[in-house]
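In what follows, a structure is listed as structure tokens, so that the remarks can point back to it.
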Amino acid sequence: MTAERTISTIRDDLTIAISEVRTRYPNARSAIMPALYLAQDKYGTLDGTVYQAIAEILDVPEIYVFEVASFYTLYHREAVGRFHLQMCTNVSCMLLGAYDLLGHLEGRLGIKAGATTDDGRFSIRAVECIGACDRAPVMMVNEDYHNDLTRARVDALLDGLEEIDTILDDLEETISEGMS
Amino acid sequence: MAKFILDNHELEVESGTTILKAARAIAIDIPTFCYQDRLSTLASCRMCLVEVEDHRKLEPACSTPVTEGMVIHTRSPKVVATREDMLEILLANHPLDCPICDKSGECELQDTVFDYGKGESRLHDPKRVFRTRDIELNKVIIFNADRCIQCQRCVRVCEEIVGEVALGTAERGLDSEITGVGNSLSDCSHCGNCIEVCPVGALMSSPYRYSARPWDLERTDTICTMCGTGCSLTIETRDGELMRVKSAYDTGINGELLCAKGRFGFDVIDGAERLTTPLIRKGGILTPVSWDEAISFISTTARSIQNNGGHIQGLISARQTNEVAYMFQKLIRHVFTSGNLSTSTRFTGLKSSQSLTALAQVMGHRYDRQPLRTLLQADCILLLGAAITEENPVSGYLIREILRDRPTPLFIASARPCGLDDIARASFRLLPGHEGQLLARLTTEVPPPDDPVMAEFISRAREALTAADSITLLVGTDFLRAPDAADCLKNIDQAALMLERTGKKVHVQFLFDRPNQLGVWDMGCLTDINPGWRYAKTHNLTPVPYMIYVLGTDPCAVTDLQTACLIVQDSHMSRTAELATVVLPAPSYGEESGTYTNNEGRVQKLRAIRPPGVGILPKVDVFSRISAAMGKTYGPARVEQIYAEITREIPAYRDLDIWSDKDDFGLTRSLPAEVAMTLQTFPGSFPDPVLHAGYMLITGDSLFQSGLLTRQSEILTGLGDGPYVEMNPGKGITENAEGYEVTVSRKGASLTARLKVNTGFPMGVVYIPENMLSGPPARLLSAEDYPSPVEVTIQPTR
Amino acid sequence: MTEQVLLKNVNNPDALTLTGYEKAGGYQGLKIMFRDFSPDEVIAYVKDSNLRGRGGAGFPTGLKWSFVPKDSGKLHYLCCNADEGEPGTFKDRVLMEKDPHQMIEGMIIAAYAIGAKTSYVYIRGEYGLSISRVEQAIAEAYAQGYLGRNIMGTDFSHDMYVHKGAGAYICGEETALLESIEGKRGQPKLKPPFPAVAGLYECPTVVNNVETFACLPHIFSRGVDWFTAIGPMDAPGPKLFGLSGQLKRPGVYELPMDITLGELVEDYGGGPLTGKFKAVIPGGVSAPMIPRSGFDVKMDFSSLAAVDSMLGSAGVIALDDSASIPVVARRITEFFSHESCGKCAPCREGLTWAAKILRRIEAGDGLPGDPDQLEVLCGGIFGTTFCALGDGAAWALRATLKHFRPEYDALISKNNNRG
Ligand SMILES: Cc1cc2nc3c(=O)[nH]c(=O)nc-3n(C[C@H](O)[C@H](O)[C@H](O)COP(=O)(O)O)c2cc1C
Ligand code: SF4
Ligand code: FES
């Protein structure tokens with residue numbers, strides 16, 4: 001997740017991958033969605049420079065890229081934390097206590113749903129049904145589903161994540177030391 | 001055909017006709033927001049829902065085709081109730097700030113609520129406030145998000161007609177918001193058509209905002225003065241002061257569409273310094289004099305020139321009306337007895353009598369005087385030598401619009417890339433002056449060129465030409481600057497003939513950059529070519545004219561005039577006026593009525609929005625007084641009378657009585673060839689169009705400028721990022737175009753401006769907008785060569 | 001217990017691989033089809049099977065395919081609707097995660113029938129595991145010659161790709177799904193022309209649901225007679241029901257459609273979590289809820305339609321006594337207003353307004369006229385919107401008012417007493 005993104009670094013990073021997904025479709029515009037995912041996987045978030053670079057690589061009007069990026073909720077136009085906690089609050093989960101768990105999460109992390117902790121570690125989002133209603137209440141942490149949640153399980157989950165977080169920090173430190 | 005019943009009327013329509021069209025045809029009103037005839041059908045506002053018997057749900061009239069036996073109700077209780085509900089829901093969030101909204105009084109939402117809404121709302125919760133401030137999308141377009149009803153007309157006009165794809169929609173659901181990239185439209189073509197199509201006060205014109213109430217405005221229907229497309233527009237004034245320019249949906253070639261120049265450029269009439277009184281150079285200084293003194297000075301001088309065997313030249317701008325042009329040539333021909341008349345000094349290729357005769361042949365007889373919309377119905381369209389989307393933007397919109405629904409093969413060969421390249425079957429960069437040669441290659445058997453791109457273009461275009469029964473050739477006028485304009489004209493004629501001989505219909509029309517180029521020429525403002533393209537014996541023009549009479553143009557901004565006596569009649573101070581012997585103040589655009597003939601050959605009325613200032617005489621009155629002073633009788637003085645004489649004298653205009661009619665326009669007639677075409681071979685040779693080893697300079701109008709005129713427009717001058725040189729600098733710089741400037745020089749003249757990178761340009765070609773080529777830089781264009789060889793250096797901006 | 005056909009492999013991890021799937025009888029249907037059927041015969045056979053779409057509308061699958069023109073001169077496309085966004089629905093995820101080849105085999109059959117050269121599987125972006133399993137299975141199918149050029153030695157060639165959704169429920173609507181594959185905002189397209197005539201890239205296109213495709217191999221391997229013998233005449237074949245909410249045994253159940261709602265939630269769902277059932281949403285939140293008095297309704301398309309509800313996605317959400325109907329209605333309406341694409345005015349504006357009123361009621365600030373305002377909004381939205389999202393939303397909300405108006409009134413008068 002670098003701050004220094006320019007059109008030409010993005011081109012260097014993504015042109016090959018985007019050109020590959022482009023071949024799956026009869027026109028370039030169709031490759032906008034996969035291209036945005038490729039950029040998001042690489043940089044974590046999307047911004048104007050990314051839209052411009054994708055527009056140039058695919059040779060489509062830039063507004064097309066932005067329109068798509070802003071229509072779909074899985075594209076992150078704002079930074080999300082290392083752990084993106086997406087709590088389903090739709091009917092099945094709600095009936096089984098999703099709001100209570102959301103409140104619990106908010107209390108423990110000291111932020112409201114929609115926000116990210118100051119240290120950039122956790123984001124909480126209340127989301128619509130994520131298709132695991134038989135195991136409600138459910139929450140996704142990044143890509144992974146966590147089912148049949150209770151307060152206790154949420155606590156355990158967060159403890160686990162905090163541990164992983166420390167490990168990741170150490171790892172990053174080692175890597176950056178190794179590089180310097 | 002389908003028979004059906006609509007509100008108890010038994011009707012029959014072509015199958016496929018929508019309920020809305022059928023209803024409107026018999027004046028049954030069905031409210032709509034998202035629908036607009038010109039745009040693709042969206043059917044999203046749901047205002048037009050009507051009841052069709054035996055259908056489970058109400059149907060949108062705008063998109064539901066009538067079918068045999070349908071029984072439709074547009075005012076049943078269910079329909080009425082639904083409309084009320086729909087408006088109630090739409091108004092729930094809509095800010096009711098009508099008292100301060102620009103659109104109030106001409107707002108479609110307001111009108112529809114008035115006609116179809118219920119008195120009060122049952123929904124009382126607080127309204128959503130989206131944004132507390134309006135967003136300046138660019139210097140002329142400002143957006144109020146709260147008022148937007150998401151009809152998407154703006155987005156569609158921008159993409160489908162203008163071809164800009166600058167506007168789009170961000171977010172979704174109730175958060176949906178119209179916007180440009182990065183919440184800005186700073187890079188768009190600023191045409192403002194999005195403002196025009198907005199049914200509510202969401203998109204607004206910044207120059208007009210908060211300046212007037214529509215019901216206080218006086219409206220004058222007239223014609224745009226920026227280019228030969230000849231758009232109809234309405235100038236709205238309050239107490240004689242210009243407030244805004246609009247265009248009505250059902251008028252003119254353009255039907256509401258305008259470009260930036262047309263919509264925002266009319267402040268030219270109040271720009272620059274106005275001339276208010278006649279001036280005569282006394283002791284080297286231009287000194288105010290009376291009209292009598294000025295007239296008698298001119299007549300005395302003219303008489304003595306005639307007595308001494310000298311001659312007088314007339315120079316007129318292609319922005320003058322037919323009536324003024326007609327009377328002007330009479331003044332030069334009959335009063336001053338000279339054959340030396342010209343329009344548009346920029347067309348240096350028209351200097352020889354050979355090119356003038358070729359021009360007369362093409363313009364007088366080959367030229368197709370038909371609506372562009374009709375010509376665009378052809379099976380194949382060739383667009384040659386035209387930067388149409390910059391010089392004739394609205395003609396470009398029409399092409400895009402028509403090709404959207406009828407995908408006709410379009411081939412583009414021009415030096416500058418243009419906004420239609422994306423919908424062309426093939427496009428190819430061709431230097432001005434080579435258009436005729438290309439046509440020759442397309443219509444005779446010549447060996448293919450070495451250049452693979454050109455070869456490919458030719459083979460694809462030939463294929464399409466062969467398959468087509470009708471062909472339209474739209475030709476820009478840039479080639480008239482080139483020295484071999486005569487050959488080019490002949491080639492155009494010859495190629496058209498060759499195609500006709502294979503049984504095809506061929507239509508040729510030019511894309512003039514000036515609003516009345518065709519008209520002024522039709523009127524005979526050309527050396528040796530009398531009104532109606534009648535060729536007459538050559539006068540001996542080689543000697544320097546003793547007097548040059550310049551009407552409404554500024555030749556000295558671009559060239560030196562050699563004469564003993566320079567007369568300038570113009571509305572504004574100019575470089576030429578500064579150098580003049582006599583200056584005559586004239587009414588400006590909008591202060592005199594008359595007619596223009598657009599590129600289609602359509603004669604259209606130009607109406608005055610205000611009288612000329614005190615002491616300023618109508619141009620024709622001045623001619624008439626000069627003529628009287630020289631003891632000659634002169635023709636009529638009133639516009640209607642002059643026009644009547646034109647319809648008697650010029651065959652193409654015969655019986656086209658537009659002044660007494662309620663119509664504002666009429667189409668002139670194409671005339672059969674007078675000179676039988678006998679040419680069997682194409683003139684000129686077919687060298688591969690190898691580029692000059694160095695750089696070649698081309699010019700022409702840009703998106704925001706029309707010749708030198710628009711330099712007087714404060715609004716237009718503020719658009720874009722100021723002066724520029726456009727080119728493809730090649731790899732390296734292309735990647736990072738910011739921060740470079742270009743110096744273009746030739747024989748001591750030079751110009752430096754910001755580099756505008758356009759990778760669509762052929763390497764080695766530089767473009768400088770015509771408005772920048774005045775004063776010393778004008779000498780970058782050579783009189784002998786066009787495109788002009790120049791030296792170019794690119795350097796980081798200091 | 002009923003024979004498990006669609007779910008046969010859920011407990012057979014081997015079926016994730018192509019060989020495992022083949023071992024369990026996979027790709028037999030496809031082979032039989034290639035051996036014995038021309039494309040037109042495939043369509044006729046599927047028509048005979050009376051298979052109805054499992055995505056929501058229950059449209060006869062064979063009939064839909066037959067609308068694809070024979071000689072359009074254009075490419076034909078096939079799309080699999082795996083967007084599964086309808087709250088309460090998770091059956092397609094199970095099919096993709098546990099048995100991806102079953103769906104792919106069905107897709108190849110459909111592609112052959114309509115002459116599609118390319119297909120896209122539109123999977124919602126959240127379903128990471130489904131995406132990777134389906135992509136893996138597609139790769140294997142290519143390697144084995146079930147996809148790509150000259151499939152199994154025939155002159156039929158076909159390419160299949162996954163298109164990953166990005167969080168927009170509306171993209172489950174088939175024309176919005178097509179727009180989304182075209183790289184646009186997911187907004188429904190004007191119909192007609194219907195996708196079968198002008199769909200993806202303006203070419204003839206068929207969109208079917210994952211479960212619909214999953215049924216196809218079995219129709220060919222076991223025959224039409226076998227298929228039509230399952231369940232009611234006008235809705236034959238195995239069907240997946242997703243049970244969730246306030247019942248004891250949530251999960252995906254495969255049953256014929258002549259089961260009643262009551263049997264489903266009591267016998268299979270294990271009864272209410274607490275007290276008694278209050279109501280059940282029978283087919284995802286767009287389907288109007290049915291109060292307990294209506295539990296004897298059969299879970300097929302026409303029986304549910306007759307009681308002013310629908311089978312929809314067969315995502316069955318149970319509400320017991322402890323559920324507050326106005327709160328459920330608020331949550332449903334908020335969902336739809338959040339997911340409204342924004343194209344048409346009544347849905348975009350009306351649903352948001354309804355959600356605003358419902359939030360106010362829940363917060364204790366309800367006013368006596370509120371239920372009537374909600375009725376006004378439902379009236380303005382139902383039957384007027386561009387696509388079925390708005391309809392479904394208004395229909396679902398209206399059902400709560402129709403069956404449980406006293407609950408609203410009680411909540412509102414509590415506020416009036418308070419104030
Ligand atoms: C708002 C909306 C959302 C929908 N979501 C889905 C969905 O997630 N999955 C699905 O298969 N069908 C969904 N549908 C139904 C599809 O439009 C379409 O009918 C279906 O994919 C056709 O497949 P089938 O014939 O196999 O049922 C939805 C429809 C609407 C109106
Ligand atoms: S009902 Fe209208 S706004 Fe709602 S999702 Fe459908 S098209 Fe979009
Ligand atoms: S005009 Fe028909 S839906 Fe808008």
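Being a predicted model, the structure only gives us computed values, none of them experimental. Just so you know, these numbers use all the heavy atoms, side chains as well, and skip hydrogens, waters and symmetry mates. Quick note on labels: first sequence line is chain A, next is B, and so on, each numbered from 1.
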Item to complete: Take C:Arg331 and A:Tyr99 through the test side-chain hydrogen bond (donor to acceptor under 3.5 Å, both in side chains) and record every step on the way to the result.
Response: CA-CA 11 Å; C:Arg331 191 62 198 82; A:Tyr99 281 112; 3.2 Å; yes

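Inter-residue side-chain proximity for C:Lys164 and A:Tyr37 is flagged as met; some heavy-atom pair is nearer than 4.5 Å. Looking at A:Ser30 and C:Tyr201, their side chains come closer than 4.5 Å, going by heavy atoms from C-beta outward.
Heavy atoms closer than 4.5 Å to chain C are found nowhere in A:Val65, neither backbone nor side chain. In this structure, chain A has a heavy atom under 4.5 Å from the side chain of C:Arg93, while its backbone stays farther away. For C:Phe335, the parts lying under 4.5 angstrom from a heavy atom of chain A are both the backbone and the side chain. For a residue to count as touching a neighbouring chain, one of its non-hydrogen atoms must lie under 4.5 Å from one of that chain's; by this rule C:Val316 does not touch chain A. Both the backbone and the side chain of A:Ile130 come within less than 4.5 Å of a heavy atom in chain C.
Atom CG of A:Leu74 is separated from atom CZ of C:Arg124 by 8.0 Å, given to the nearest 0.5 angstrom. With rounding to the nearest 0.5 angstrom, the NZ atom of C:Lys184 is 5.0 Å from the CZ atom of A:Arg29. Considering CD1 of C:Ile317 and CG of A:Asn90, their distance stands at 7.0 Å, rounded to 0.5 Å.
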Pairs under 3.5 angstrom only: tabulate donor-acceptor contacts from the side chains of residues 137-144 of chain A to other protein residues two or more places apart or in another chain.
residue, atom, partner, partner atom, Å
A:Asn142, OD1, A:His84, N, 2.8
A:Asn142, ND2, A:Arg82, O, 3.1

List the atom pairs, donor and acceptor, that lie under 3.5 Å between side-chain atoms in residues 269-281 of chain C and the rest of the protein, sequence neighbours left out.
residue, atom, partner, partner atom, Å
C:Thr274, OG1, C:Asp320, OD2, 2.9
C:Lys278, NZ, C:Ala323, O, 2.5
C:Lys278, NZ, C:Glu407, OE2, 2.6

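Closest approach of C:Phe90 and A:Ala132 over heavy atoms only: CB-N, 4.3 Å. Between C:Gly88 and A:Ser92 the shortest heavy-atom distance is CA-OG, 4.2 Å. Minimum heavy-atom separation, A:Cys133 to C:Thr89: SG-N, 3.9 Å. Residues C:His163 and A:Met33 share a closest heavy-atom pair of NE2-SD, 3.5 Å. Of all non-hydrogen atoms in A:Phe71 and C:Ile170, the two that sit nearest each other are CZ-CG2, 3.9 Å.
A parallel orientation is assigned to the rings of A:Tyr25 and C:Tyr120, their planes being inclined by less than 30° (bins at 30° and 60°).
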